[in-house]
K.L.:
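Please find one structure pasted underneath; my questions will follow.
These numbers were taken from a predicted model, which means no experiment stands behind them.
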Amino acid sequence: MRLTIALQFQSVAAVAPLLGAKFDASLADIGLLIGIYFTPGVALSLPGGAVGKRIGDKGAGSGALVVMLIGQLTMVVSDSWGWQIAGRIIAGSGAVLLGVILTKMVTDWFAGKEIATAMAIFVTSWPVGIATSLLTLPMIGAVYGVSAAYLSVAALIGLGIPLLVVGYRSPSIAATAASAASRLDRSALFAVITAGLIWGVFNIGFTMIFSFGPTLLVERGWSITAAGSAISIVLWLAALGGIAGGFLADWTGRPQSVLVTGCVLFALLMLMLPRSAAVIPIVIAIGAISALPAGPIMSLPARVLQLQTRAIGMGIFFTVFFVVMMLGPAIGGAIAKWTGSAAGAFDVGTAALLACLVLLWGYNRIVLMNQQDSPK
């Protein structure tokens, strides 16, 4: 189910050159359309879990898929750029709710068992969905048009509804956490906000690859199909790299070293790709390196959140993430338009990855100060 979110998110970037021709849209317009998918997450991340609790996970999940489908079909039938934006916001609303519900569903089934492995597979569905989009949608769009590419995404989302309704069942013993009112202290709040910024800014760097990578290669003479296939290499390798990064962090006991090393190498490769003729070797290297920091970054909130503050803390973490991701592609698109090339978006990604290191320093300072202020 989570793969449908990734496929829908990437559907705009995968056919970006075709969208530009159909709607006379600039790179800045495309960037806005990509990033606006995350706008509803700002408002829906915190209350998303409560929706599932009220109407049940299956009802909430299938309802979220219906909303995603409505948004996608709006984009299929519309020839207006304004309705493209409206459809994207509607679809994003369903995607945010579905993401929250699916995370809870996985936790319900695997809490206390193979939760790390289950979550690793769950997270891997994102790059796999992005890669699938890059491989298939440009080919469909090039032959049948943008609407046909969008319709194929709608078909997959529609298929997910009966699969969820018929195929999913809740675990026999549902874990019900006590809803004790608990408030984050100030230092924990600042640390969680900073961790959310790190995750969001890191994802800006990652998003620049598949959001503007196909356009970059088309600018250099590649066909849209070949460009999408080349950039998809990053996502297939990242699906493995993310798991490897988490394992390496746990095995060495130095997750922040993995985080820093991964971000620095990733940033250097992002700087090289628009300026080198060795596209495929660099793309392969980016795929192997890019997702290494993901696990260590996602472990940052756990250092400062207690059991009773975890729900609200993670809600804040994801709210910050969605705010950053809402703005990132739009900024990348604007810089690309200003510089006259998609290479400008890659420079934004490079800067974002290096900014993660500054934010990590700030996060560690907050945690250290909190430890010093705690009673001995």
K.L.:
Under 4.5 Å between any side-chain heavy atoms of Ser341 and Glu219, yes or no?
P.N.:
yes
K.L.:
Just say parallel, tilted or perpendicular for the rings of Phe266 and Phe206, cut-offs at 30° and 60°.
P.N.:
perpendicular
K.L.:
Roughly how far apart are Asp29 CG and Leu19 CG, rounded to 0.5 Å?
P.N.:
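Reported value, rounded in 0.5 Å steps: 10.5 Å.
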K.L.:
Going through the checks in order, is the side chain to side chain donor-acceptor pair (under 3.5 Å) test met by Gln84 and Asp79?
P.N.:
CA-CA 8 Å; Gln84 292 291 304; Asp79 288 325; over 6 Å; no
K.L.:
Would you say the side chain of Leu97 lies within less than 4.5 Å of the side chain of Val67, judging by non-hydrogen atoms?
P.N.:
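No; the side chains remain at least 4.5 Å from each other.
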K.L.:
Are any of the side-chain heavy atoms of Thr4 and Leu98 separated by less than 4.5 Å?
P.N.:
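Yes, close enough: below the 4.5 Å cut-off.
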K.L.:
Where is the tightest heavy-atom contact between Ala239 and Pro127, given as atom of each residue plus distance?
P.N.:
CA-CG, 3.9 Å
K.L.:
What's the shortest heavy-atom distance between Ala336 and Ala345, and which atoms?
P.N.:
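Minimum heavy-atom separation between Ala336 and Ala345: CB-N, 4.2 Å.
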K.L.:
Of all residues at least two apart in sequence or in a different chain, which pass the side-chain hydrogen bond (donor to acceptor under 3.5 Å, both in side chains) check with Asn203?
P.N.:
none
K.L.:
Side-chain contact test, heavy atoms from C-beta onward, threshold under 4.5 Å: evaluate it for Thr132 versus Gln10 and give yes or no.
P.N.:
no
K.L.:
Looking at every non-hydrogen atom in both residues, tell me the closest pair between Ala13 and Ile34 and how far apart they are.
P.N.:
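Answer, listing the atom of Ala13 first, then Ile34: CB-CD1, 3.9 Å.
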K.L.:
Minimum heavy-atom separation for Ala148 to Tyr144, with atom names?
P.N.:
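Heavy atoms of Ala148 and Tyr144 come nearest at CB-CB, 3.5 Å.
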K.L.:
Does Leu265 share a hydrophobic cluster with Val358, counting links as ILVMFWY side-chain heavy atoms below 4.5 Å and allowing steps through other members?
P.N.:
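Result: no, two separate clusters.
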K.L.:
Going only through I, L, V, M, F, W and Y residues with side-chain contacts under 4.5 Å, is there a path from Val77 to Val12?
P.N.:
yes
K.L.:
Rounded to the nearest 0.5 Å, how far apart are CG of Leu159 and CG of Leu65?
P.N.:
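With rounding to 0.5 Å, CG (Leu159) is 10.0 Å from CG (Leu65).
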K.L.:
Are Leu359 and Tyr363 close enough, and set up right, to give a side-chain contact (heavy atoms from CB on, under 4.5 Å), and what steps lead you there?
P.N.:
CA-CA 6 Å; Leu359 289 167; Tyr363 169 89; over 6 Å; no
K.L.:
If you measure from CE on Met325 to OG1 on Thr207, what distance do you get to the nearest 0.5 Å?
P.N.:
3.0 Å
K.L.:
Could you check whether any side-chain N or O of Lys58 sits under 3.5 Å from a backbone N or O of Val165, counting only pairs where one atom can act as donor and the other as acceptor?
P.N.:
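Yes, the answer is positive, given that a donor and an acceptor are paired below the 3.5 Å cut-off.
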K.L.:
Please answer: with hydrophobic residues joined when any side-chain heavy atoms are less than 4.5 Å apart, are Val166 and Leu163 in the same cluster?
P.N.:
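Not linked; separate clusters.
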K.L.:
Using modelled atom types only, decide if a donor and an acceptor are shared between the side chain of Thr261 and the backbone of Val258 within a distance under 3.5 Å.
P.N.:
no
K.L.:
To the nearest 0.5 Å, tell me how far Arg275 CZ sits from Phe346 CZ.
P.N.:
10.5 Å
K.L.:
When rounded to the nearest 0.5 angstrom, what distance separates CD1 in Ile224 from CG in Leu217?
P.N.:
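Going from CD1 on Ile224 over to CG on Leu217, the span is 11.0 Å.
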K.L.:
Take Tyr150 and Leu137 through the test side-chain contact (heavy atoms from CB on, under 4.5 Å) and record every step on the way to the result.
P.N.:
CA-CA 8 Å; Tyr150 281 171; Leu137 297 187; over 6 Å; no
K.L.:
side-chain contact (heavy atoms from CB on, under 4.5 Å), that's the test. Do Met75 and Trp83 meet it? Break it down for me.
P.N.:
CA-CA 7 Å; Met75 298 179 73; Trp83 278 107; over 6 Å; no
K.L.:
More than 12 foreign heavy atoms under 6.0 Å from NZ of Lys22: is that the case here?
P.N.:
yes
K.L.:
Check whether any side-chain heavy atom of Asp347 sits under 4.5 Å from a side-chain heavy atom of Met270, and report yes or no.
P.N.:
no
K.L.:
Quick one: do Ile231 and Ile209 satisfy side-chain contact (heavy atoms from CB on, under 4.5 Å)? Show the steps, please.
P.N.:
CA-CA 7 Å; Ile231 297 300; Ile209 303 169; 4.0 Å; yes
K.L.:
I'd like to check Leu69 versus Leu73 (side-chain heavy atoms, cut-off strictly below 4.5 Å). Are they in contact?
P.N.:
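Contact flag for Leu69/Leu73 side chains = yes.
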K.L.:
Can a donor-acceptor pair be found, under 3.5 Å and without considering hydrogens, that links the side chain of Thr339 to the backbone of Ile335?
P.N.:
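Side chain of Thr339 to backbone of Ile335: a pair is present.
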K.L.:
State, with a plain yes or no, whether a side-chain heavy atom of Trp81 is found less than 4.5 Å away from one of Leu33.
P.N.:
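When only atoms from C-beta onward are counted, Leu33 and Trp81 do touch, with a gap below 4.5 Å.
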K.L.:
If every non-hydrogen atom of Gln8 is compared with every non-hydrogen atom of Ile157, which pair is closest and at what distance?
P.N.:
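Minimum heavy-atom separation between Gln8 and Ile157: NE2-CD1, 3.4 Å.
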K.L.:
State whether the number of non-hydrogen atoms from other residues, nucleotides or ligands found under 6.0 Å of Arg365 atom CZ is greater than 12.
P.N.:
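Atom CZ in Arg365 is not crowded, with 12 or fewer foreign heavy atoms closer than 6.0 Å.
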K.L.:
Say you draw a straight line from CG of Leu156 to CG of Leu3; how long is it, rounded to the nearest 0.5 Å?
P.N.:
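Spacing of CG (Leu156) from CG (Leu3) equals 6.5 Å.
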K.L.:
Hydrophobic cluster membership, with links at side-chain heavy-atom distances under 4.5 Å among I/L/V/M/F/W/Y: are Trp361 and Leu357 in one?
P.N.:
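Different clusters.
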K.L.:
Can you name the closest pair of heavy atoms from Val76 and Ser147 and give their distance?
P.N.:
O-OG, 3.2 Å
K.L.:
Could you check whether any side-chain heavy atom of Thr136 comes within less than 4.5 Å of a side-chain heavy atom of Ser152, counting everything from C-beta outward?
P.N.:
no
K.L.:
For the hydrophobic clusters of this structure (ILVMFWY residues joined by side-chain heavy atoms under 4.5 Å, transitively), does one cluster hold both Val234 and Leu271?
P.N.:
no
